[in-house]
Every structure is written in structure tokens, then in C-alpha cells.
Engineer: 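Can you read through this structure? Questions will come right after.
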Amino acid sequence: MEAWQKALLAWYRENARPLPWRGEKDPYRVLVSEVLLQQTRVEQAALYYRRFLERFPTLKALAAASLEEVLRVWQGAGYYRRAEHLHRLARSVEELPPSFAELRKLPGLGPYTAAAVASIAFGERVAAVDGNVRRVLSRLFARESPKEKELFALAQGLLPEGVDPGVWNQALMELGATVCLPKRPRCGTCPLGAFCRGKEAPGRYPAPRKRWAKEERLVALVLLGRKGVHLERLEGRFQGLYGVPLFPPEELPGREAAFGVRSRPLGEVRHALTHRRLLVEVRGALWEGEGEDPWRRPLPKLMEKVLRKALPLLAHAGVVPLPDA
DNA sequence: AAGTCGGGGTC
DNA sequence: GACCCAGACTT
């Protein structure tokens, strides 16, 4: 083992944050933590980790639940397909297979998550390369835009002998999360400062990705029936959750005709996603159908905003009360 | 290789 | 506002 590897491990032993899944070896619990951490801040993942395991403490318990129950617990965490994958996974296997290759085949487990579970829960010598590791290694070796494959090969070659690979992977990630930060990294206190080839220009490694958020105009149609609001199971975006009909403005005439209503504008809601800025015109109408209490369903944040905008303007007294708001 | 999917913290 | 986060999946 090289000096920098020892330095990193020593640093990790002293500085690892006390997270709820730290030291966890149970494969199911490791899996839940890793899936929740996909593109999600540690603090938020920790919140949902506790909530999720309290409700679904085992793979079996998860398999026994309905998808809607799972989504309700996942509500607010985003990337809802993760919850669907987890649920499908629970129903497809009795227990988690103990190898990267087998884990990789399961729904929702890409190269990172399969490697994380394999190394942390099963001790397999496989490198887990997430955004942190990509950044740490890019700086350590002064690589501006390494390809995924070479990055994985590099990380795989760096796995030290005689060290729990799960600990090693987490040490690398922890360094990226707390020291080797995207902006203003703390190179002064980094245990790898003496070994880092990129610390003179950490902003160059890796080169920032370019992304832009396009604006998208939509109409949300809030139909108030005898018993509440008309909800649909959403497809595509927010898949699996519920909400009022949401569609491009040009579809408004057809939708109104289909429901037999004429709607009136109630306001506007803005909602930012990673690659989209949604500008949603909220329209409403009284409707001949039944409808339901929307707050009993798993709703994406956008739909909460839409309903909070629309209901006070639409509701008959007491038909659909707002929840403590 | 690029586009898609959420939400929230942070500057 | 913009950027980013213990990514996966589809095309």
C-alpha cells in the first residue's frame, strides 16, 4: 500500500461523518442507503433512509407493500423511478445476490450502486465511482475529462490490498464530499495534498459539464367534482405519482372537450427541475365527475403547488380542505 | 454520447 | 438566478 493510501485511510478513520448507514453491513440497508444517495444530498438521504427503513425494515416487507405505499414514503425525495425499481427488485429476488455482476442486473442498480453494495455489504474488491470519486481522482491525477471506463479502471487499480474495499470506497467518497469540494476545495487540510497533481488548479479537474435549463410551458387542469379533484396516475415525468392533468397549452381545447368543461385561469406556478424550468398555467373548472381527496395520494412537489394555488379559488366550502395550511 | 428524470441546499 | 448532488436508464 502506498503512502497516500495510508494517509487517506488514516484521515477517514478520524474524520468520517457519523451517518446513519455508517458501518452498516446488512445488504438491504446498504442498498436502500445507496439508492437514496443517487443524485441526492447526504442530509436529505439520511432523512428518507430512516423513514424508509422504519416502514420497510426488510426486503420482504418491501415486497409485501404496494407500489403506492412505497411511493408515498418516497414522496418528496425525487427521481421516483428509484422507488419503483426498488419495489420491483424486492419482488424479484428473495435476497440480494452477493456479487457485483449479479447486483448489476437488478433494476435501478447501475455501475456505481452495484459496486457500492458489493463492496460495502459483501466485501467484494470492486471500485465504486460516484461524482465524488470522479472529482477526487481527476484532481489527484490532473485529468480534465476522463472517460467513464478509464476512470473505473483507474479506481479499480487503486484498490489497496488487505483493506476492506467498502471502507476504501467510502473513504474516497468522504474525502470528495467534505474536503475535495467542487468549489473551493480545502486543499490546505487535505490528507492527500502532498500527493495531488491537480491542487494548483483544482477548478480544472474535472472540467465542468455544461447544462442548460430550457423553459417549458404547461397547463394544469384542476377539475373539481362532487367528491374532490380529478387525479390521474402520471406517466413519464413524475411517473407513478398522482396529479391533475398536465399538458402542453395546445392540448387545452381537446382536454376541455374530453371532460366537457370550460376552464378559467386561476394563476401561474413555476417549478424548477434540473434541466427544465416549468411555467405552469393553472386552470380550473367545476366538473360533473366525482374526483377525490388529492392529499391522500403521493404527489410531486409541482402538484402540491398547483393545488395550493387552485383549491382556495375553486373549492366549495369543505369539499376539499387544504391540509393545515 | 446525449437527454431524461426531482428536489433541495448553497452561493 | 446558477450549480451541484454517494446515478440509472433510454435512445
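The sequence lines fix the lettering, A, B, ..., with proteins before strands; numbering per chain opens at 1. No experiment lies behind these values; they were computed from the predicted model shown.
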Engineer: In whole angstrom, give me the gap between the C1' atoms of C:dC5 and B:dG6.
Structural biologist: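 Comparing C1' positions in C:dC5 and B:dG6 gives a spacing of 12 Å.
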Engineer: Under 4.0 Å, heavy atom to any atom of DNA chain B: which of residues 65-79 of chain A qualify?
Structural biologist: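 Nucleic-acid contacts, sorted: A:Gly76, A:Ala77, A:Gly78, A:Tyr79.
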Engineer: Measuring to OP1 and OP2 of C:dG7, would you say a side-chain N or O of A:Gln39 lies under 4.0 angstrom away?
Structural biologist: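 Result: yes.
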Engineer: Quick check: does any side chain N or O of A:Glu281 sit under 3.5 Å from a backbone N or O of A:Val219, one acting as donor and the other as acceptor?
Structural biologist: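 It does not hold such a pair.
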Engineer: Would you say the side chains of A:Tyr242 and A:Glu68 form a donor-acceptor pair under 3.5 Å?
Structural biologist: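 Yes, A:Glu68 and A:Tyr242 have a side-chain donor paired with an acceptor closer than 3.5 Å.
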Engineer: Taking any heavy-atom pair under 4.0 Å as a contact, classify A:Arg135: base, sugar-phosphate, or nothing.
Structural biologist: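 Counting heavy atoms under 4.0 Å across all strands, the contact made by A:Arg135 is with sugar-phosphate only.
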Engineer: Categorize A:Leu234 for me: base, sugar-phosphate, or nothing, with a 4.0 angstrom heavy-atom threshold over every strand shown.
Structural biologist: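 Result for A:Leu234 = nothing.
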Engineer: If you check the A:Pro182 side chain, which of C:dC4, C:dA6, B:dG7 turns out closest?
Structural biologist: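 Of all the options, the side chain of A:Pro182 is nearest to C:dC4.
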Engineer: Establish, from distance only, whether the side-chain atoms of A:Lys301 and A:His271 form a donor-acceptor pair under 3.5 Å.
Structural biologist: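 No pair is found: no donor N or O on one side chain lies under 3.5 Å from an acceptor on the other.
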Engineer: Would you indicate what A:Arg22 reaches in the nucleic acid, counting non-hydrogen atoms under 4.0 angstrom: base, sugar-phosphate, or nothing?
Structural biologist: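 A:Arg22: base contact, heavy atoms under 4.0 Å.
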Engineer: What I want to check is whether the side chains of A:Gln75 and A:Tyr80 have a donor and an acceptor closer together than 3.5 Å.
Structural biologist: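 Their side chains do not contain a donor-acceptor pair, so the 3.5 Å distance test is not met.
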Engineer: Using heavy-atom distances to pick each residue's nearest nucleotide on DNA chain B, tell me which of A:Glu216 and A:Arg41 is more 5'.
Structural biologist: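 Result: A:Glu216.
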Engineer: Using heavy-atom distances to pick each residue's nearest nucleotide on DNA chain C, tell me which of A:Arg270 and A:Ala114 is more 5'.
Structural biologist: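 Of the two residues, A:Arg270 wins.
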Engineer: Rounded to the nearest Å, what distance is computed from the CZ atom of residue A:Arg17 to the P atom of nucleotide C:dC5?
Structural biologist: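 Value for this atom pair: 13 Å.
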Engineer: Which nucleotide wins on minimum distance to the side chain of A:Leu273, given the candidates B:dG6, B:dA1, C:dA6?
Structural biologist: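 For the A:Leu273 side chain, the nearest candidate turns out to be B:dG6.
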Engineer: So which nucleotide from C:dC5, B:dT4, C:dA8 ends up closest to the side chain of A:Thr113?
Structural biologist: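 Closest nucleotide to the A:Thr113 side chain: C:dA8.
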Engineer: Would A:Arg13 and A:Trp168 count as a cation-pi pair here, with the cationic atom under 6.0 angstrom from the ring centre and within 45° of the axis?
Structural biologist: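 A:Arg13 over A:Trp168 ring: no.
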Engineer: Pairs under 3.5 angstrom, nitrogen or oxygen only, protein versus nucleotides 9-11 of chain C, please.
Structural biologist:
unit_1, atom_1, unit_2, atom_2, d
C:dC9, OP1, A:Gly108, N, 2.5

Engineer: What is the separation between atom NE2 on A:His271 and atom C1' on B:dG7, rounded to the nearest whole Å?
Structural biologist: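 Distance, rounded to whole Å: 7 Å.
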Engineer: Can you tell me if A:Gln239 and A:Arg233 form a side-chain donor-acceptor pair at under 3.5 Å?
Structural biologist: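 No, no side-chain donor-acceptor contact under 3.5 Å.
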Engineer: Within the structure shown, what part of the strands sits under 4.0 Å from A:Ser33 by heavy-atom distance: base, sugar-phosphate, or nothing?
Structural biologist: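 No contact at all - A:Ser33 keeps every heavy atom at 4.0 Å or more from the nucleic acid.
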Engineer: Categorize A:Glu174 for me: base, sugar-phosphate, or nothing, with a 4.0 angstrom heavy-atom threshold over every strand shown.
Structural biologist: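 It contacts base atoms.
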Engineer: For the residue pair A:Arg82 and A:Thr40, confirm or rule out a side-chain donor-acceptor distance under 3.5 Å.
Structural biologist: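 A donor-acceptor contact under 3.5 Å links the two side chains.
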Engineer: Any N or O donor-acceptor pair linking the side chain of A:Thr40 to the base of B:dG8 at under 3.5 Å?
Structural biologist: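 It does not, because no donor-acceptor pair links the side chain of A:Thr40 to the base of B:dG8 below 3.5 Å.
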Engineer: Would you kindly say whether A:Thr113 and A:Gln38 are connected by a side-chain donor-acceptor distance under 3.5 Å?
Structural biologist: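 Looking only at side-chain atoms, A:Gln38 and A:Thr113 do form a donor-acceptor pair, the distance falling under 3.5 Å.
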Engineer: Does any pair with a residue in residues 113-129 of chain A pass salt bridge (charged side-chain N to carboxylate O under 4.0 Å, His left out), and if so which ones, sequence neighbours excluded?
Structural biologist: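 Those involving residues 113-129 of chain A do not exist here.
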